[in-house]
Amino acid sequence: MSQRALRGNSLDAALAETHNVIGKRLERSEAIREQHAHGESWHKAGLPDAVAFVESKAEVAAIAAICNAHKVPLIAFGTGTSLEGHVTAVQGGITMDMSRMNRMIAINAEDCDAVVEPGVTRLQLNEAARHHGLMFTVDPGADASLGGMASTRASGTNAVRYGTMKENVLALEIVLSDGRIIRTGTRARKSAAGYDLTKLFVGAEGTLGVITELTLRLFGIPETVISAVCSFHTLENAINTVTQLIQFGVPIARVELLDDVQMDAVNRYSGLNYPAVPTLFFEFHGTKISAADHVSIAREVSRENSGSDFLWAEKEEERAKLWKARHTAYYAALALRPGSKGWSTDVCVPISRLAECILETKRDIIETGLLAPIVGHVGDGNFHLAHVLDPNDKALLEKTYAFNKRLVRRALDMGGTCTGEHGIGNGKIESLQAEAGASVDVMRDIKRVLDPNNIMNPGKIFLTNAGQKASAIDYAF
C-alpha cells in the first residue's frame, strides 16, 4: 500500500474518531477550511482536512490523543491575526478552532490577575477587568485571542513599560501531543521551583502543545493618561529622542514611530491632519503630578532634537482615535496603492543601535525602489515594515524577499533579532537558523521529546530534520 493511501486511512480514522468526540462541530466544508487556512500574512495558505470547534479541555485532550495515535497534524487556531504563517496547515490535518473556549474563569482583583480560557480576546478581558479598576496591557493592535498571543509571545505598543506576554503570563494549562494535561506555574508572582515550563510554552507557536487555560498579570488603571504627538524634520532626530528618554529612565507607557510615508498614509486613511513627516506618538501613565513631570522631560528632550510642540490628545475619545489610527497603520499603507497586497515584517535591535538600523533600512528602501512604510514600538527597539506590493509583479516579490534577508542580516549584525514580535511561523525559518545557529538543534530536541510524532503544528519555527533545506519561498499572491 502506498504512503499516500496509508496516510489517507490514518486521516479517515482520525476524523471518524474526532467526530465521535464533538459530532457536527467537526467541519469539512471548503469554505470553513479555507477560512482557517491562513492568518493575515502573505504566506501561501495550506488547507486543513477538517476544522474542529472545541469547547473544553477534555475535547482538546481527546482530539490530541487521536491525532497522535494516527500521526495526523493538529494546528491550534485563535482569531487568525498572526503574520508569519503560524496557522497554515502546511501538511494538512485537523485545525482546532479555540474560539468557543472563551470563558472568563476568574478575575482576582486583589492579586491583579485573571484566569481565562484561550479563546478570550484581549478586548474581552479588558472590558471585564475595567469593572475592577484593572487593565491587561499587552496590545498587539488586533483583537487577538489570548491563547494565540501567548503562543506567539505577542507584544505591542505598551511593552516598553508593561512588558510582553513573556512577562505577563504567570501560568498555563497545556494539552500535550499525547493528550496529557499539565499545569505550568502558579498565581504566585515568583517561583524557584524547577524548570520554567511556562516560558517554554510561551512563544512555542503551538509546536509543543495546545494552551487550554492562562493565568495573566493585570495592572491598575492609571489615574492620569495623556497622549501627545510630536513631529520631527528627520528620522534620526525622532529616534534619538526616544533613545535619550529611555536612557534617562523616563517611564513612557507607549512611544510609537511613524516615518513620513506612514504618516501620510495614516492621515489619508484615518482623517488626521498631522504633518507628513517622521512623527512620534507618546502616551504617559501615572498620577497627575508624575505624568506631568514625565511629559515635561519628554517635551524638553524633543525640543533639543528639533521636535515640534506637542499636540495633545487628553480626552478619552481623542486618545482612542489617535491609537486606532496607529493600529490601522497596516491598512492605511495598503490604501496607498489600491489593489495591492501587504507583506509585513519586523526586527528588533538594542536601543543604542536603533537609529543606525532604521536609517540604513530607510536608505535601502529608497535605493531598492520599494513602497514600505516604517512604523515601530521604538521604545524597546522594535520596528515594522509594511511592504505594499503589486501581486502580479513577481520581480518585485523577489526584490522584496532579497531586501528582507538584508534587513534580518542587518539586525543580527547589530546584536538584534530577526523578529521582535511577529514570531517565526514558516516565514522566518531561515532567519531563525541564521540567528540561533546550534540552539535550533536544542529546540529540535525538545520538540522530539514532547511531540515525538511531530503532530503539533508541524513545519513551523524550524524544519524537523536538521539536514532539510527550506523550500523556495511560496507567495500567497
Problem set entry | Candidate pair T88 and K460, rule side chain to side chain contact (heavy atoms under 4.5 Å, CB included), full reasoning | CA-CA 9 Å; T88 185; K460 313 298 166 57; 4.1 Å; yes
Exercise. Does the side-chain hydrogen bond (donor to acceptor under 3.5 Å, both in side chains) test come out yes or no for N404 and T345, once each step is laid out?
Worked result: CA-CA 8 Å; N404 276 346; T345 191; 4.6 Å; no
Problem set entry | Worked check of side chain to side chain contact (heavy atoms under 4.5 Å, CB included) between N168 and L216 | CA-CA 6 Å; N168 287 288; L216 301 168; 5.6 Å; no
For this session: Evaluate the side chain to side chain contact (heavy atoms under 4.5 Å, CB included) criterion for residues V375 and F281: first the C-alpha distance (whole Å), next the side-chain angles of each, then the deciding distance (0.1 Å), finally the verdict.
Result: CA-CA 11 Å; V375 61; F281 288 5; over 6 Å; no
For this session: Please report the C-alpha distance between H384 and I374 in whole Å, then the side-chain angles of each, then the deciding distance to 0.1 Å, and finally whether the side chain to side chain contact (heavy atoms under 4.5 Å, CB included) criterion is met.
Result: CA-CA 6 Å; H384 309 252; I374 295 174; over 6 Å; no
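For D178, the side chain to side chain donor-acceptor pair (under 3.5 Å) partners are R180, not counting sequence neighbours. For the side chain to side chain contact (heavy atoms under 4.5 Å, CB included) test, residues two or more places apart in sequence or in another chain that qualify with T368 are D364, L370, K399, F403, R406.
Taking the side chain as every heavy atom from C-beta outward, F201 and V169 never approach each other to under 4.5 Å. With a 4.5 Å cut-off on side-chain heavy atoms, D260 and M263 do not count as touching. Side-chain contact between T419 and V347 is absent, with no heavy atoms from C-beta onward closer than 4.5 Å. Using a 4.5 Å cut-off on side-chain heavy atoms (C-beta onward), D259 and I358 make no contact. In this structure, the side chains of L218 and M135 stay at 4.5 Å or more apart for every pair of heavy atoms. In this structure, the side chains of L134 and C112 come closer than 4.5 Å at one or more pairs of heavy atoms. Using a 4.5 Å cut-off on side-chain heavy atoms (C-beta onward), T95 and V87 make no contact. In this structure, S177 and P452 have side chains that are in contact, with non-hydrogen atoms separated by less than 4.5 Å.
The CG atom of L47 sits 12.0 Å away from atom CD1 of I32, with the distance rounded to the nearest 0.5 Å. We find the CE-CZ distance between M101 and F53 to be 14.5 Å, quoted to the nearest 0.5 Å. Distance CD1/I455 to CG/N68: 4.5 Å, rounded to 0.5 Å. Rounded to the nearest 0.5 angstrom, L197 CG and L450 CG are separated by 8.5 Å. Rounded to the nearest 0.5 angstrom, E421 CD and S155 OG are separated by 4.5 Å. Note that CG of L407 and OG1 of T361 are 5.0 Å apart. Values are rounded to the nearest 0.5 Å.
Side-chain contact, D139 with H327: a donor N or O sits under 3.5 Å from an acceptor N or O. T137 and N158 share no side-chain donor-acceptor pair at under 3.5 Å. Looking only at atom types and distance, the side chain of D113 has no donor-acceptor partner in the side chain of T215 under 3.5 Å away. Counting only N and O atoms by type, the side chains of W323 and E256 include no donor and acceptor under 3.5 Å apart. K199 and T184 share no side-chain donor-acceptor pair at under 3.5 Å. A donor atom on one side chain and an acceptor atom on the other are found under 3.5 Å apart for T417 and E435. Between the side chains of T212 and E173, at least one donor-acceptor pair of N or O atoms lies under 3.5 Å. A donor-acceptor contact closer than 3.5 angstrom is absent between the side chains of E84 and S41. One side chain, T121 or D143, offers a donor N or O that lies under 3.5 Å from an acceptor on the other.
Distance alone, capped at 3.5 Å, is enough to place a donor-acceptor pair between the R337 side chain and the V388 backbone. At least one donor-acceptor pair under 3.5 Å links the side chain of E59 to the backbone N or O of E55. Looking at R103, its side chain never comes within 3.5 Å of a backbone N or O of V120 through a donor-acceptor pair. A donor-acceptor pair under 3.5 Å is absent between the side-chain atoms of K57 and the main chain of V175, judged by distance alone. A donor-acceptor contact shorter than 3.5 Å is absent between the side chain of R254 and the backbone of A159. For H86 (side chain) and H422 (main-chain N/O), a donor-acceptor pair under 3.5 Å exists by modelled atom type. One N or O on the side chain of N457 and one on the backbone of E205 form a donor-acceptor pair closer than 3.5 Å.
Summarising the geometry of E213 relative to P118, their closest heavy-atom pair is N-CD, 4.1 Å, with the distance given to 0.1 Å. The shortest non-hydrogen separation linking S145 to G78 is OG-CA, 3.4 Å. Across L322 and S227, no two heavy atoms sit closer than the pair CD2-CB, 3.9 Å. Scanning both residues, L214 and A150, for their nearest heavy atoms gives CD2-CB, 3.6 Å. Heavy-atom minimum distance, P391 versus G339: CD-O, 3.7 Å. Scanning all heavy atoms of the two residues, the minimum distance from C357 to V349 falls at SG-CG1, 3.9 Å.
Annotation for E30: atom CD does not count as buried by contact number, only 12 or fewer foreign heavy atoms lying within 6.0 Å. Counting heavy-atom neighbours within 6.0 Å of K166 NZ, excluding the residue itself, gives a total of 12 or less.
With salt bridges taken as basic N to acidic carboxylate O contacts below 4.0 Å, none links D49 and R28. Between R353 and E356 there is a salt bridge, with a side-chain nitrogen of the basic residue lying less than 4.0 Å from a carboxylate oxygen of the acidic one. A salt bridge does not link D390 to K341: none of the charged side-chain nitrogens sits closer than 4.0 Å to a carboxylate oxygen. A salt bridge is defined here as a Lys NZ or Arg NE, NH1 or NH2 lying under 4.0 Å from an Asp or Glu carboxylate O, and R100 with E117 fails to meet this definition. Salt bridge annotation for E167-R217: absent, with no cationic side-chain nitrogen under 4.0 angstrom from a carboxylate oxygen. Salt bridge status for R161 with D380: absent, with no side-chain N to carboxylate O gap under 4.0 Å. Between D413 and R410 there is no salt bridge, since no side-chain N of the basic residue sits under 4.0 Å from a carboxylate O of the acidic one.
Relative ring orientation between F77 and H36 is described as tilted, the plane-to-plane angle lying within the 30° to 60° band.
Legend: ring-ring contact (aromatic ring centres under 6.0 Å, His included) pairs involving residues 147-181, not counting sequence neighbours, sorted by first then second residue: Y162-F219, Y162-H285.
Exactly one residue among L26, I66, V72 makes a side-chain contact (heavy atoms from CB on, under 4.5 Å) with L15. That residue is L26. In summary, of the residues considered (L272, T279, T328), a side-chain contact (heavy atoms from CB on, under 4.5 Å) with V266 occurs for L272 alone.
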